[in-house]
Amino acid sequence: MAEDGMLLNFSIGDNVIKPEAKFKGGTWRARLSAKKRSQHIPTGDGGTNRRNADSKNPNKIQVPSTRPAKRQKTNDSSRGAGGDGGHRSRPQQKNPHDFVSSLFTSNPEPKNVEEHKKDEDLEDAKPTNAPLIDGIDTFTNLGLSPQLAAHLLTKLELKAPTAIQKSSISQLLKEESDAFIQAETGSGKTLAYLLPLVQRLIDLSKASKDAGVHRDSGLFAIVLAPTRELCKQISVVLENVLRCANWIVAGTVIGGEKKKSEKARLRKGLNILVATPGRLADHLDNTESLDVSSVRWLVLDEGDRLMDLGFEEELQGIVKKLDARQRPSRIPGVPTRRTTILCSATLKMNVQRLGEISLKDAVHIKANPADEDVETRTKSEADEAFRVPAQLKQSYAIVAAKLRLVTLVAYLKRTFIRKGSVMKAIVFVSCADEVDFLFEVFSRKHGERGNKTSDDDEESEISEDEEEKAKKPENDKLAQHGTVAPGTAFSNPSNPVTLHRLHGSLPQHVRTSTLNSFTRSTTASVLICTDVASRGLDVPNVDLVIEYDPAFSADDHTHRIGRTARVGRDGRALIFLQPGCEENYVEVLKRGYRDGGKALTRTDANEILRRGFGGNTDSDRKNKNWEEKTTDWQMDVERWALENPQYLEMARRAFQSHVRAYATHIAAERSMFDIKQLHLGHLAKSFALRDRPGKINVPGLRPGQEETKKDFKASRGGAKRKAGDDVPALRRLARMTPRAR
Ligand SMILES: Nc1ncnc2c1ncn2[C@@H]1O[C@H](COP(=O)(O)OP(=O)(O)OP(=O)(O)O)[C@@H](O)[C@H]1O
């Protein structure tokens, strides 16, 4: 049943039916309280005592409430979990099971009622990031050597270039000018800059027959990327391409391993270096054997992100050192000036600032030169312009704060109901603590539960199946690290799902192996992660991206959903928005499409719950069984948290970090993600909390503002700034602990 425990307990005979007594005499107040006492309306101690007495009565029966419960009540606080910040005193409850769920009451309604377009009603849009299979455009036509083109075809199975590869290969092979490469996510931008680069080095080898190009010839190109994961990925693509020109040597310096081994690699000699800016800056200062005098190509992959993460100063330093140390090369054919290439799906005009550091008269390379020209649009239009692959089906669900967790689990249950329909899904959240919390909730073992639900017997089969799977040697280590586990919350006997978690606070080797495990997985898998996995990562077969917490900026959103619908494949994305100001974000989502957002649909939040927790029949719909089942699931998670102190602490931390992270949406979007509009009590419920944790150090919050401001100032003063922290103070604050990526 939906209610967890009793609403009213009373012994039969004494209390059930009683003739209504008449009260005469005394003041009206005395008459009223005598009447209330006779009707068992608890007043002060008397009520509590009666309840206690009744709870000991073996004849007690449970009577469901006829009145909808308005607010949750907890046994450990006088503050309402409804989150009104009030301090009304409530009778103390002795038992955590004496609790009334308010999951479906007092939820705000969406302000915009929109016509529901169904996914099936949408026409499939033609992919905009697929290879050009018209037969006219081939890698050889674009100027790549037959040897390299043959290698791409036979060894890497790349039959034709994508549109951005077509534009950039021809441009970068024939001209020395700096360039911005801007194209949708998953359109093959990595090869768009690597192929011309490798071709130029192959050409150099041919031009200098005597000396040839080998590892001692000098470092000719540096590729910088913001994260280690991305650097590793770029380096794998590069190694694969270089298998047809194995005299050209590439290497990485990205940190996370001993500097000594990186130094040894640099000393041996490299022709192409892939690096993170911080680590490269370090080696430029401290590693004598790193000779950059011959560097003629500098690529800044995810150039806008490099700016975002506050790498600006480091980049400026790197560029200055490259300029100062540049010397004429002894290898014939090496260009005299250095070419800088910036690359991203969301390159906007603000990146010109980065351009001013290092780019001169840069050419803007776009996938389709006939596309509307950025230069011809106004600055604000250009700033707003970001495109998502046309075949990507995006939807949004307006989900009330209290219903967020149950809606997520319902959606995932439904997604994985049948084997094979969805292979991999990524769930993005705003902070590391929330990743950890959701991972625990969704991989709960039965021993850790509170009360058993009727579904448990069915689920125990899944659990055994899943445990078998987790025994696989490759997952063993990760299971020990606690980053891979059976996703018990949405697995079913015919389709066990493996759960992964990833964020920036995990040790690097765990991050790498968790990501590898998810990438290589050939069975149903879910990755819960922060934005550490949003940029550039190329994981095959991601069918679905869920933005459980909206991204901190529209750009980040573009990159997140870009993990699906890559190189012409289909993909779906769902974003959770709360009723109220967040609904305005739909307009931002629409801007990502050329057609004004026809491929953007609204998914009904109740429908998600009904399909996840109930059935599809009309009677299911009518009798609202799904509401009870949903409430049971929620109550079960709440009990699990209540009964396990470490999980309760985890839930509280996740809630607090989430609220802090919420305050760090970019200024331009803060009116849509307004922290003052957050209903903290309701939100607590989606963290399995019956009461909202008391103190959250976020400026701008309603209760305890003075105290909050003090805390904010204190933490700002005392904060140690980490590399990669952002410039605005608020974002820095949020990154100190909660939003480690
Ligand atoms: N010409 C091609 N034909 C088929 N597949 C390709 C081609 N070029 C690249 N790919 C594949 O497309 C995938 C995406 O490439 P890549 O990661 O370079 O995209 P991207 O545009 O950089 O995406 P993001 O903006 O998300 O970083 C990779 O798996 C790559 O192997």
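Computed from heavy atoms alone, side chains included, the values below leave out hydrogens, waters and symmetry copies.
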> Any salt bridge linking Glu302 with Lys189? Criterion: basic side-chain nitrogen under 4.0 Å from a carboxylate oxygen.
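Looking at Glu302 and Lys189, the cut-off is not met.
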> Is there a donor-acceptor pair under 3.5 Å between the side chain of Arg387 and the backbone N or O of Glu184?
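No, because the side chain of Arg387 does not come within donor-acceptor range (under 3.5 Å) of the backbone of Glu184.
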> Please determine whether a side-chain nitrogen of the Lys or Arg among Lys321 and Asp285 lies less than 4.0 Å from a carboxylate oxygen of the Asp or Glu.
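Judged by the 4.0 Å cut-off on N to carboxylate O distance, Lys321 and Asp285 do form a salt bridge.
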> With ring centroids as reference points, do Tyr585 and Tyr396 lie under 6.0 angstrom apart?
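Centroid separation for Tyr585 and Tyr396: 6.0 Å or greater.
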> May I ask you to decide if Gly255's main-chain N or O and Glu262's side chain share a donor-acceptor pair within less than 3.5 Å?
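Yes, Glu262 side chain to Gly255 backbone: donor-acceptor pair under 3.5 Å.
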> Is the shortest side-chain heavy-atom distance between Leu544 and Thr564 below 4.5 Å?
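Sidechains of Thr564 and Leu544: no contact.
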> Can you name the nearest heavy-atom pair linking Tyr193 to Asp301, along with the distance?
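Smallest interatomic distance, heavy atoms only, reads OH-OD2, 2.7 Å.
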> So which heavy atom on Asp556 is nearest to which on Ala551, and how close?
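Heavy atoms of Asp556 and Ala551 come nearest at CB-CB, 3.7 Å.
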> Counting C-beta onward and ignoring hydrogens, is there a side-chain heavy-atom pair between Ile222 and Leu322 closer than 4.5 Å?
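The answer is yes, as the side chains (C-beta and beyond) meet within the 4.5 Å cut-off.
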> May I ask you to decide if Ser187's main-chain N or O and Thr162's side chain share a donor-acceptor pair within less than 3.5 Å?
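Yes; at least one donor-acceptor contact below 3.5 Å.
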> Is the shortest heavy-atom distance from the side chain of Arg563 to the side chain of Val539 under 4.5 Å?
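Side chain of Arg563 against side chain of Val539, heavy atoms only: no contact under 4.5 Å found.
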> Can you tell me if Glu669 and His557 form a side-chain donor-acceptor pair at under 3.5 Å?
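Distance-only check fails for Glu669 and His557.
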> Has Arg325 got more than 12 heavy atoms of other residues, nucleotides or ligands less than 6.0 Å from its CZ?
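It does: Arg325 CZ has more than 12 such atoms within range.
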> Might you work through the side chain to side chain contact (heavy atoms under 4.5 Å, CB included) test for Gln326 and Val295, ending with a clear yes or no?
CA-CA 7 Å; Gln326 187 168 322; Val295 173; over 6 Å; no
> Would you call the rings of His665 and Phe673 parallel, tilted or perpendicular if under 30° counts as parallel and over 60° as perpendicular?
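If you compare the ring of His665 with that of Phe673, the planes turn out parallel.
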> Under 4.5 Å between any side-chain heavy atoms of Leu315 and Leu224, yes or no?
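Of all side-chain heavy-atom pairs linking Leu224 with Leu315, at least one is under 4.5 Å.
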> Just by modelled atom types, is the Ser534 backbone N or O under 3.5 Å from a matching donor or acceptor in the Arg560 side chain?
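Such a contact is absent between Arg560 side chain and Ser534 backbone.
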> Just checking Lys174: does its NZ atom have more than 12 heavy atoms from other residues, nucleotides or ligands closer to it than 6.0 angstrom?
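Atom NZ in Lys174 is crowded, with more than 12 foreign heavy atoms closer than 6.0 Å.
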> Look at the side chain of Ser525 and the backbone N and O of Ser521, then say whether any donor-acceptor pair between them is shorter than 3.5 Å.
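Such a contact is absent between Ser525 side chain and Ser521 backbone.
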> Mind checking the NE2-OG spacing from His214 to Ser217? Nearest 0.5 Å is all I need.
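Rounded to the nearest 0.5 Å, the NE2-OG separation comes out at 4.0 Å.
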> Once rounded to the nearest 0.5 Å, what's the spacing between atom CH2 of Trp247 and atom CG of Leu242?
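Trp247 CH2 to Leu242 CG: 9.5 Å, rounded to 0.5 Å.
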> Say you draw a straight line from CD1 of Ile181 to CD of Gln171; how long is it, rounded to the nearest 0.5 Å?
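That separation rounds to 9.5 Å.
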> In the structure I gave you, are the side-chain heavy atoms of Arg535 and Asp531 within less than 4.5 Å of one another anywhere?
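They are not in side-chain contact.
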> Do Asp538 and Thr519 have side chains that approach each other closer than 4.5 Å (heavy atoms only, starting at C-beta)?
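No, too far: nothing below the 4.5 Å cut-off.
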> Go through the steps to decide whether Leu172 and Ile341 satisfy the test side chain to side chain contact (heavy atoms under 4.5 Å, CB included), and finish with yes or no.
CA-CA 9 Å; Leu172 296 175; Ile341 302 160; 3.9 Å; yes
> Would you check, one step at a time, whether the test side chain to side chain donor-acceptor pair (under 3.5 Å) holds for Ser293 with Asp291?
CA-CA 6 Å; Ser293 61; Asp291 175 4; 2.8 Å; yes
> For Lys424, does the NZ atom have more than 12 heavy-atom neighbours from other residues, nucleotides or ligands under 6.0 Å away?
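More than 12 heavy atoms, drawn from other residues, nucleotides or ligands, come within 6.0 Å of this atom.
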> Determine the minimum heavy-atom distance between Gly536 and Arg566, stating which atoms define it.
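Looks like O-NH2, 4.2 Å.
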> Would you compute the distance between atom CD1 of Ile365 and atom SG of Cys343 and round it to the nearest 0.5 angstrom?
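Atom-to-atom, Ile365:CD1 and Cys343:SG are 9.5 Å apart.
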> So, the side chain of Arg296 versus the backbone of Pro335: is there a donor-acceptor pair under 3.5 Å, distance only?
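Yes; judged by distance alone, with no hydrogens or angles, the pair exists.
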> Mind running salt bridge (Lys or Arg N to Asp or Glu O under 4.0 Å) on Arg337 and Asp178 for me, showing each step along the way?
CA-CA 10 Å; Arg337 77 171 283 269; Asp178 292 343; 3.3 Å; yes
> Checking the side chain of Asp216 only, and the main-chain atoms of Gly269 only, is there a donor and an acceptor separated by less than 3.5 Å?
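Judged by distance alone, no pair lies under 3.5 Å.
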> Do Ser344 and His559 come close enough that some side-chain heavy atom pair is under 4.5 Å?
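Contact flag for Ser344/His559 side chains = yes.
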> Grab the two heavy atoms, one from Pro161 and one from Asp137, that are nearest each other, plus how far apart they are.
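That would be CD-O, 3.3 Å.
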> Would Thr339 and Ser177 count as a side chain to side chain contact (heavy atoms under 4.5 Å, CB included) here? Give the steps.
CA-CA 6 Å; Thr339 299; Ser177 44; over 6 Å; no
> Between Arg265 and Thr252, is there a side-chain heavy-atom distance shorter than 4.5 Å?
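Counting from C-beta outward, Thr252 and Arg265 do come under 4.5 Å.
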> Where do Pro550 and Ile575 come nearest, in terms of heavy atoms and distance?
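Looking at all heavy atoms of both residues, the shortest contact is CB-CD1, 4.0 Å.
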> What distance do Leu204 atom CG and Gln199 atom CD have between them, rounded to the nearest 0.5 Å?
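The distance works out to 10.5 Å.
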> Side chains of Gln391 and Asn129: any donor to acceptor distance under 3.5 Å?
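Their side chains do contain a donor-acceptor pair, which is all the 3.5 Å distance test asks for.
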> Once you round to the nearest 0.5 Å, how far does CG of Asp555 lie from CZ of Arg305?
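Here the interatomic distance stands at 9.5 Å.
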> Ignoring hydrogens and angles, tell me if any N or O in the side chain of Thr287 forms a donor-acceptor pair with the backbone of Leu290 under 3.5 Å.
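Not at all, since once roles are kept as given, no pair shorter than 3.5 Å links the two residues.
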> Hey, are Glu587 and Lys590 close enough for a salt bridge, meaning a charged N less than 4.0 Å from a carboxylate O?
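Looking at Glu587 and Lys590, the cut-off is met.
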> Should the heavy atoms of other residues, nucleotides or ligands under 6.0 Å from CD of Glu239 be counted, would the total exceed 12?
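Yes - once you tally the heavy atoms of other residues, nucleotides and ligands closer than 6.0 Å, there are more than 12.
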> Using a strict 4.0 Å threshold on nitrogen-to-oxygen distance, state whether Asp323 and Arg338 make a salt bridge.
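Yes, this pair counts.
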> Would Lys366 and His364 count as a side chain to side chain contact (heavy atoms under 4.5 Å, CB included) here? Give the steps.
CA-CA 6 Å; Lys366 284 160 283 180; His364 196 135; 3.5 Å; yes
> Is Ser517 reaching over with its side chain to a backbone N or O of Ser513, donor-acceptor style, under 3.5 angstrom?
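Flag not set: sc Ser517 to bb Ser513 has no pair under 3.5 Å.
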> Does a donor on one side chain and an acceptor on the other come within less than 3.5 Å for Asn246 and Arg243?
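Per modelled atom types, Asn246 and Arg243 side chains form no pair under 3.5 Å.
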> Give me the atom names and distance for the closest heavy-atom approach of Pro196 to Ile169.
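Looking at all heavy atoms of both residues, the closest pair is CD-CG1, 4.0 Å.
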> Within the side chain of Asp570, is there an N or O that forms a donor-acceptor pair under 3.5 Å with the backbone of Asp543?
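Between the backbone of Asp543 and the side chain of Asp570 there is no qualifying donor-acceptor contact (under 3.5 Å).
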> Assess, by modelled atom type and distance only, whether the side chains of Gln508 and Thr512 contain a donor and an acceptor separated by less than 3.5 Å.
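Per modelled atom types, Gln508 and Thr512 side chains form a pair under 3.5 Å.
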